[in-house]
Amino acid sequence: MEFERIGIIGAGTMGNGIAQTVALSGIDVVMIDITQDALKRGVASVSTSIDRLVSKGTVAADAARTALARIAISTDYRRLENVGLVIEAATENVDLKMRILKQVESAVRPDTVIASNTSSISITTLAATLANPARFIGMHFFNPVPLLPLVEVIRGLQTSDEVAGAVTKLAVSLSKTPVSVKNSPGFVVNRILVPMLNEAFFVLAEGVATAEEIDAGMKLGANHPIGPLALADLIGLDVCLSVMEVLMKDTGDPKYRPSPLLREMVAAGRLGRKTKQGVYSYT
């Protein structure tokens, strides 16, 4: 399988980051979202990110212009009819993802591979939505996509060897490092990482230390490049909460109980960097 054109569902942080990475690797992109405004914001984010890489000398100006020209945008799923792979990068909600996957399957060729960038939802469960679940796989990128090299390649029970091999090869061609992961709640990274972030919210709520002191402690004492609360703001507190809820539901283990403070902040719309307010203010 060779992927000359890739469809991406969702123009948000993850979707536009994947689009940028794919376009810079020389592959054409069709980015789909529900509104033109969302698509324009996604393209603007890609443009800003690429300009930053150009200013640092990481990407040549000509390559930047060529990459931007490779990204087509649309609200019409029929634009996916000639893509070899579709990567769903919508909000971490199982019902929404299932609806999107059905729309994708009705629009693409029978041999098109379909992937989800889900950070925690069962690949086997999502695959069962499709008439041909063998062509479905998890392809979990990390935020910020252009900078972080890891891609978790997650096989559902139904995923074919051919699809797993092709997606792994693609990840390498995108200058990413793929790791093969069995389908399991939270997969590898988020199963370890997000409970740690959740515990930081418990520590903050109990007044053990301030947010700045918690983050400084983990940076200076555990050699983390960024503190857990600042990282939660970067990921999005709503995403962190969604992962914890999936871990709690799918494992039944009370150690994955979301922090009440995390829940309250999400309810208040304080989701982190993307809303300019989370644990910290970004105004």
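Hydrogens, waters and symmetry mates are skipped; everything else that's a heavy atom, side chains included, is used.
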Peer 1: Report the distance from atom CG of Leu85 to atom CD of Glu4, rounding to the nearest 0.5 Å.
Peer 2: 13.0 Å
Peer 1: Which distance, rounded to the nearest 0.5 Å, do you find between the CD1 of Ile154 and the CG of Leu126?
Peer 2: 10.5 Å
Peer 1: Do Ile8 and Val86 touch side chain to side chain, with heavy atoms closer than 4.5 Å?
Peer 2: no
Peer 1: Assess whether atom CG of Leu148 is packed by more than 12 heavy atoms of other residues, nucleotides or ligands within 6.0 Å.
Peer 2: yes
Peer 1: Quick check on the hydrophobic clustering: are Ile9 and Ile123 connected, directly or via other members, by side-chain heavy-atom contacts under 4.5 Å?
Peer 2: yes
Peer 1: Output yes when a side-chain donor or acceptor of Thr91 lies under 3.5 Å from a complementary backbone atom of Asn93, and no otherwise.
Peer 2: no
Peer 1: Using modelled atom types only, decide if a donor and an acceptor are shared between the side chain of Gln20 and the backbone of Ser49 within a distance under 3.5 Å.
Peer 2: no
Peer 1: Given side-chain contact (heavy atoms from CB on, under 4.5 Å), test Lys176 with Leu150 step by step and report yes or no.
Peer 2: CA-CA 6 Å; Lys176 299 297 184 185; Leu150 181 65; over 6 Å; no
Peer 1: When hydrophobic residues are tied together by side-chain contacts of less than 4.5 Å, even through go-betweens, does Ile71 share a cluster with Val59?
Peer 2: yes
Peer 1: Donor-acceptor pair, Thr124 side chain versus Leu157 backbone, under 3.5 Å?
Peer 2: yes
Peer 1: Using salt bridge (Lys or Arg N to Asp or Glu O under 4.0 Å) as the criterion, list what pairs up with Lys169, not counting sequence neighbours.
Peer 2: Glu2
Peer 1: Below 4.5 Å, heavy atoms only, C-beta onward: do Ile87 and Phe141 meet side chain to side chain?
Peer 2: yes
Peer 1: With a 4.5 Å heavy-atom cut-off, do Asp33 and Thr75 have their side chains touching?
Peer 2: no
Peer 1: Quick one: CD1 on Ile235 to CD1 on Ile226, what's the gap to the nearest 0.5 Å?
Peer 2: 8.5 Å
Peer 1: Looking at Ala127 and Pro133, what are the two nearest heavy atoms and their distance?
Peer 2: O-CB, 3.2 Å
Peer 1: Contact between Val43 and Val46 at the side-chain level, heavy atoms closer than 4.5 Å - yes or no?
Peer 2: no
Peer 1: In terms of heavy-atom contacts, does CG of Asp111 have more than 12 from other residues, nucleotides or ligands at under 6.0 Å?
Peer 2: yes
Peer 1: Could you tell me if the side chain of Glu92 sits less than 4.5 Å from the side chain of Thr118, heavy atoms only?
Peer 2: yes
Peer 1: Considering all heavy atoms of both residues, which atom of Ser25 and which atom of Ser173 are nearest to each other, and what is their separation?
Peer 2: CB-O, 4.1 Å
Peer 1: Can you find a side-chain donor-acceptor pair between Ser122 and Asn183 that sits under 3.5 Å?
Peer 2: yes
Peer 1: Which heavy atom of Pro228 sits nearest to which heavy atom of Met196, and what is that distance?
Peer 2: CB-CE, 4.1 Å
Peer 1: Looking at Arg70, I want to see if its CZ is surrounded by more than 12 non-hydrogen atoms of other residues, nucleotides or ligands under 6.0 Å.
Peer 2: yes
Peer 1: Please report the interatomic distance OG1(Thr159) to CZ(Arg135), rounded to the nearest 0.5 Å.
Peer 2: 12.5 Å
Peer 1: Does the pair Glu245/Arg263 count as a salt bridge with the N-to-O cut at 4.0 Å?
Peer 2: yes
Peer 1: Could you measure the distance from the NZ atom of Lys40 to the OG atom of Ser45? Nearest 0.5 Å is fine.
Peer 2: 14.5 Å
Peer 1: Consider only side-chain N and O atoms of Gln103 and Ser106, and report whether a donor and an acceptor are under 3.5 Å apart.
Peer 2: no
Peer 1: Does any non-hydrogen side-chain atom of Leu174 lie less than 4.5 Å from one of Ile18?
Peer 2: no
Peer 1: Around atom CZ of Arg109, are there more than 12 heavy atoms from other residues, nucleotides or ligands closer than 6.0 Å?
Peer 2: yes
Peer 1: Any donor and acceptor pair, going by atom type alone, linking the side chain of Ser281 with main-chain N or O of Gln277 inside 3.5 Å?
Peer 2: no
Peer 1: Distance from Ile121 atom CD1 to His140 atom NE2, nearest 0.5 Å?
Peer 2: 11.0 Å
Peer 1: Hey, what else clusters with Leu229 if you join Ile, Leu, Val, Met, Phe, Trp, Tyr whenever side-chain heavy atoms sit under 4.5 Å?
Peer 2: Phe201, Val203, Leu204, Val208, Ile214, Leu237, Leu241, Leu261, Leu262, Met265, Val266, Leu271, Val279, Tyr280, Tyr282
Peer 1: Where do Asp233 and Lys274 land on the salt bridge (charged side-chain N to carboxylate O under 4.0 Å, His left out) test, with the steps shown first?
Peer 2: CA-CA 8 Å; Asp233 274 355; Lys274 59 188 172 184; over 6 Å; no
Peer 1: Donor-acceptor pair, distance only, cut-off 3.5 Å: does the side chain of Asn16 make one with the backbone of Gly12?
Peer 2: yes
Peer 1: When you group the ILVMFWY residues by side-chain heavy-atom contacts below 4.5 Å and let the links chain together, are Val153 and Val181 in the same group?
Peer 2: no
Peer 1: May I ask you to check whether over 12 heavy atoms, not counting those of Glu264, lie within 6.0 Å of atom CD?
Peer 2: no
Peer 1: Does the side-chain contact (heavy atoms from CB on, under 4.5 Å) test come out yes or no for Val145 and Met14, once each step is laid out?
Peer 2: CA-CA 7 Å; Val145 178; Met14 296 305 294; 3.5 Å; yes
Peer 1: Please determine whether side-chain contact (heavy atoms from CB on, under 4.5 Å) holds for the pair Leu234 and Leu231, giving the CA-CA distance in whole Å, both sets of side-chain angles, and the decisive distance to 0.1 Å.
Peer 2: CA-CA 5 Å; Leu234 177 61; Leu231 180 55; 4.2 Å; yes
Peer 1: Looking only at heavy atoms, which two atoms of Glu88 and Ile100 are closest? And how far apart?
Peer 2: CG-CG2, 4.0 Å
Peer 1: Output, in order, the C-alpha distance, side-chain angles, deciding distance and verdict of side-chain contact (heavy atoms from CB on, under 4.5 Å) for Ser119 and Phe142.
Peer 2: CA-CA 9 Å; Ser119 55; Phe142 289 78; over 6 Å; no
Peer 1: Using the rule that two of Ile, Leu, Val, Met, Phe, Trp, Tyr join whenever any of their side-chain heavy atoms come within less than 4.5 Å, decide whether Val30 and Val108 are in one cluster.
Peer 2: yes
Peer 1: Looking only at atom types and distance, does a side-chain atom of Lys102 sit under 3.5 Å from a main-chain N or O of Leu130, one as donor and one as acceptor?
Peer 2: no
Peer 1: Measure across Phe202 and Pro260 and return the closest heavy-atom pair with its distance rounded to 0.1 Å.
Peer 2: CE2-CD, 3.7 Å
Peer 1: Looking at every non-hydrogen atom in both residues, tell me the closest pair between Val189 and Glu152 and how far apart they are.
Peer 2: N-OE2, 3.0 Å
Peer 1: Is it possible for you to say whether Met139 and Ile6 belong to one hydrophobic cluster, with membership spreading through side-chain heavy-atom contacts below 4.5 Å?
Peer 2: yes
Peer 1: Quick check: do Pro195 and Met244 have side-chain heavy atoms less than 4.5 Å from each other?
Peer 2: yes
Peer 1: Side chains of Thr177 and Val172, heavy atoms from C-beta outward: is any pair under 4.5 Å?
Peer 2: no
